[in-house]
Amino acid sequence: MTLRIGFVGLGHMGGPMAANLVKAGHAVTGYDLAPAARTLAASRGVVIADSAAAAVAEAEVVLTMLPAGRHVLELYGELTKAASGALFVDCSTIAVGDARVAADLARTAGHRAVDAPVSGGVPGAEAGSLTFMVGGSDGEFAEAEPVLAAMGRKVVHCGGPGAGQAAKICNNMILGVSMIAVSEAFVLGERLGLSHQALFDVASTASGQCWALTSNCPVPGPVPASPANRDYRAGFAAALMAKDLGLAADAATATGARLELGVRAAELYASFAEGAGGVLDFSAIVTGLREGGAA
Ligand code: NAD
């Protein structure tokens, strides 16, 4: 079924996601503050509107892919007034509380709403192979699912409003902590005279096996496709990992959950991402740890 989709936020993720919706046959009208993002999206079949409000005025589905919670909440005030009876789908990574406020804003204005953050990064957005984690009612999920399936390989209904964001920050906390654990293992192995390849050959087929080791290995050599082999060009930027771990740490404070490693990982990534490390792939934290601690 062809849908009229308004897409706001056509950056690294939103641009290719909008292009995949066009490929799937939907009529996509988009907007981004950045002229370069607008030009690129236009070249991929997105009709560019003069403003965010204009992009969603006729839309049956309103999609947003924005940097952070404040952008989503600011825009939702405007967009929920401009659209009439639409399904609002926010794919940005934001705090669980902000996602619930955004959904309330949409519902109060007579719309339906889900939070649907993603995993898979820019390559997954380009390939249409993202994983979506969705928070909303059964009816809202059923409506969002076919739209999201045009941009991803897996769409999981995680629960009510905010549950998608909860799954996202829990998953990325596993990733951040495990990347630090894998990096520390390589640093200790170096001190003990163990080659990277020997440690990889053992741990990748033993109980140390995990995605941080086998897909995004933080040292060059064992996994040719990992960013470590190209001077840690992202990939998934350390600044984004710092942001996601910050959301997890804030959620822990809000809920009283005690996260010994999650909070420490948030501190280490915040410190690493403050300097030049922020734009590097998050596996580059191994260099900070090798030099005597990232913080
Ligand atoms: P990005 O900075 O490339 O894109 C965000 C876009 O939003 C920018 O082009 C910006 O101009 C636009 N924007 C901001 N405010 C706007 C406004 N008021 N109106 C219109 N456009 C506006 O960021 P990204 O890498 O595409 O990430 C987007 C979201 O996806 C973030 O929440 C991020 O955490 C999440 N995410 C990113 C990745 C990744 O690998 N890049 C992976 C998973 C999730």
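Each ligand, and each atom within it, is numbered from 1 in the order the structure gives. As the structure is a prediction and not an experimental result, all values here were calculated from the model.
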Any N/O pair [X]/ligand 1 closer than 3.5 Å:
X	result
Gly9	no
Tyr31	no
Met13	yes
Val118	no
Asp244	no

Which atoms of ligand 1 sit under 4.0 Å from any heavy atom of [X]?
X	result
Lys168	43 (C)
Phe236	40 (O)
Gly121	40 (O), 42 (C)
Leu75	17 (C), 18 (N), 19 (N)
Ser92	32 (O)

Worksheet, complete the sentence: With Met65 as partner, the option from Val118, Leu10, Asp90 fulfilling side chain to side chain contact (heavy atoms under 4.5 Å, CB included) is Val118
How does [X] reach ligand 1, if at all, at less than 4.0 Å between non-hydrogen atoms: by side chain, backbone, both, or neither?
X	result
Ala52	neither
Met241	neither
Lys243	side chain
Ile94	neither

Discussion item. With a cutoff of 4.0 Å, is Glu74 in contact with ligand 1, counting heavy atoms of the residue only?
Written reply: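 Contact absent.
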Worksheet item: Given the protein's heavy atoms, is any one of them under 4.0 Å from atom 40 (O) of ligand 1?
Response: yes
Using only heavy-atom distances, determine whether the side chains of [X] and [Y] contain a donor-acceptor pair under 3.5 Å.
X	Y	value
Ser271	Glu274	no
Thr253	Asp250	no
Asp281	Asn216	yes

Item to complete: Identify whether the distance between the nearest side-chain nitrogen and carboxylate oxygen of Glu140 and Arg107 falls below 4.0 Å.
Response: yes
Discussion item. Salt bridge or not between Glu145 and Lys154? Use side-chain N to carboxylate O under 4.0 Å.
Written reply: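 No.
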Worksheet item: With a 4.5 Å heavy-atom cut-off, do Met241 and Leu175 have their side chains touching?
Response: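 Result yes, sub-4.5 Å side-chain heavy-atom pair found.
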Worksheet entry | Side chain to side chain, Thr93 and Gln165, heavy atoms closer than 4.5 Å | yes
Worksheet item: Do the rings of Tyr76 and Phe88 sit parallel, tilted or perpendicular, given the 30° and 60° boundaries?
Response: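 The arrangement is perpendicular - the two ring planes meet at more than 60°.
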Worksheet item: How are the rings of His157 and Phe141 set to each other: parallel, tilted or perpendicular (split at 30° and 60°)?
Response: parallel
